[in-house]
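Have a look at the structure below before the remarks.
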2 protein chains.
Amino acid sequence: MPEARAAEAVRVARGLLEAEGEAALSMRRLAAAMGMRAPSLYKHVPDKAALEVALIAAGLAEAGAAMDARRGSLAGLAAAYREWATAHPHLYLLMTERPLPRERLPAGLEASAAAPLLEVTRDEHEARALWAAAHGLVALELHDRFPPDADLDAAWAALVAAFTR
Amino acid sequence: MPEARAAEAVRVARGLLEAEGEAALSMRRLAAAMGMRAPSLYKHVPDKAALEVALIAAGLAEAGAAMDARRGSLAGLAAAYREWATAHPHLYLLMTERPLPRERLPAGLEASAAAPLLEVTRDEHEARALWAAAHGLVALELHDRFPPDADLDAAWAALVAAFTR
DNA sequence: ACCTGAACACCGTTCAAGT
DNA sequence: ACCTGAACACCGTTCAAGT
């Protein structure tokens, strides 16, 4: 897919998503931002799902790198996870609230994003539980599901404590 | 809101949501299922958001009751949470993936749904972390985000172990 | 009191037609 | 090769009009 104009579509799509949220990521809005009409987009990109796959892949790589930079400590990884997600809330939710399109993703991407967590846990099952816990805290925060007075720093500390010994 | 026809709208809306998912819960589909056109719905219900609030309130009450029935044991609560959520996947996601409309919800509903978790943890922060962990596992499962060969029973066991002592 | 069609401002996508 | 308008099958919502 990545001919010059397709790469531009992905770049502009990410800007729309991050700046204005999921609702702004429409083929009509994107086309307008590129100076064309929606049908023309289909000469450069197969469909909207392909655009989303490209955004998901980029997000996974970046989030993985952010965690890799804090490799080794559970508390550091948790902080890196929360920071990356809250810095890219709309992209984060796009990455986690639909099935992972594994066959359209670069080989090894999922595994390399998960590696820092596996390193810091006993086994894959504990790594899965830890990932889910971090995801749950982030997702509920991003969706404004906690009471307004909830102390989320304390909740993260409790999570880290639970998975430490 | 709950005049006879409004109550029917909520009932039929829940049927559509649970049977066919979020996309089926449209004002046009709902109206058709009730033998009318979409604009007529607005004589009985303020808007789609009000319908969703009614569904969320019902879901919270039911999930709370399911957990109340397994009060006391962390493992039992975790199992009750997972079972209720996977039995009502579309309603569960509707309940958790948007801000809680607290001012339109029956008083005390949120607190009573949270009570069984508070009972089994050290403090509110640990309760929050535990809820988030359970939510994360459920949400990632419902969205098909785990590898197809992931052992989710083992992940739930690891979660329970982490929060036990 | 209740329901309607028409309309408005949107979606993703296809396709014949224009340059 | 690239872009277009028109169309199709959808959204939530408003409103004047009908019974």
Side-chain angles (χ1 to χ4, degrees), chain A residues 1-57 90-91 93-95 97-101 104 143-144, chain B residues 1-57 90-91 93-95 97-101 104 143-144:
Chain A
M1 201 221 328
E3 293 86 40
R5 215 93 157 98
E8 185 194 350
V10 173
R11 212 179 56 239
V12 176
R14 177 155 178 181
L16 279 170
L17 174 66
E18 299 226 41
E20 300 183 53
E22 202 190 353
L25 186 55
S26 80
M27 297 300 269
R28 288 169 212 257
R29 287 282 312 266
L30 174 58
M34 292 175 69
M36 56 175 73
R37 307 303 158 88
S40 309
L41 238 22
Y42 291 81
K43 295 291 163 185
H44 305 110
V45 153
D47 52 22
K48 192 182 179 183
L51 239 18
E52 291 176 347
V53 169
L55 295 178
I56 290 167
H90 302 293
L91 180 53
L93 294 177
L94 182 75
M95 289 159 59
E97 292 185 346
R98 63 205 70 207
L100 235 214
R104 307 171 77 181
H143 284 306
D144 256 316
Chain B
M1 196 216 337
E3 294 85 40
R5 215 94 157 99
E8 184 194 351
V10 174
R11 212 179 56 240
V12 176
R14 177 157 180 180
L16 278 170
L17 175 66
E18 298 225 43
E20 298 184 54
E22 203 190 352
L25 187 55
S26 81
M27 296 300 268
R28 288 170 213 258
R29 287 283 311 268
L30 173 58
M34 291 175 69
M36 55 174 76
R37 305 302 158 87
S40 308
L41 238 22
Y42 291 81
K43 296 291 163 186
H44 305 110
V45 154
D47 52 22
K48 192 183 178 182
L51 238 19
E52 291 176 347
V53 169
L55 295 179
I56 290 167
H90 302 294
L91 180 54
L93 294 176
L94 182 75
M95 288 159 60
E97 292 185 348
R98 61 205 71 207
L100 234 212
R104 307 171 79 183
H143 284 307
D144 255 315

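Below, all heavy atoms of this structure are taken into account, side chains as well, without hydrogens, waters or symmetry copies. By convention in this document, chain letters (A, B, ...) are assigned in the order of the sequence lines, proteins followed by strands, and residues within each chain are numbered from 1.
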Q: In whole angstrom, give me the gap between the P atoms of C:dA9 and D:dC10.
A: 22 Å

Q | C1' spacing across the pair C:dA7 / D:dC11, given as an integer number of angstrom | A |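 To the nearest whole Å, 14 Å.
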
Might you point out which heavy atoms bring [X] and [Y] nearest each other, and give the distance in Å?
X	Y	result
B:Val53	B:Pro101	CG2-CG, 3.7 Å
B:Leu55	B:Leu91	O-CD1, 3.6 Å
A:Val12	A:Ala33	CG1-CB, 3.7 Å
A:Glu18	A:His90	O-CD2, 3.7 Å
B:Arg37	B:Ala31	C-CB, 3.4 Å

Nearest-Å distance for atom pair [atom1]/[atom2], residues [X] and [N]:
X	N	atom1	atom2	value
A:Glu3	D:dA1	CD	C1'	12 Å
A:Met36	D:dA1	CE	P	16 Å
A:Leu41	D:dC3	CG	P	10 Å

Q: Report yes if at least one side-chain N or O of A:His44 is closer than 4.0 Å to OP1 or OP2 of D:dA1; otherwise report no.
A: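 No, outside the criterion.
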
Q | Any B:Arg37 side-chain nitrogen or oxygen under 4.0 Å from OP1 or OP2 of C:dG5 | A | yes

Q: Please say whether more than 12 non-hydrogen atoms of neighbouring residues, nucleotides or ligands are located less than 6.0 Å from CD in A:Glu22.
A: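 12 or below, so no.
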
Q: Scan nucleotides 7-19 of chain C nucleotide by nucleotide, 5' to 3', and note B when protein non-hydrogen atoms come under 4.0 Å of the base, S if they reach only the sugar-phosphate, - if neither.
A: ----BBBBB----

Q) Quick check: does any side chain N or O of A:His143 sit under 3.5 Å from a backbone N or O of B:Glu97, one acting as donor and the other as acceptor? A) yes

Q. What is the distance from atom CZ of A:Arg5 to atom CG of A:Leu41, rounded to the nearest 0.5 Å?
A.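 The CG atom of A:Leu41 is 9.5 Å from CZ of A:Arg5, to the nearest 0.5 Å.
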
(Q) Both atom distances under 3.5 Å, Watson-Crick or G-U wobble: I'd like the secondary structure of DNA chain C as a dot-bracket string, with | for pairs made across strands. (A) ||.|||||...|||||.||

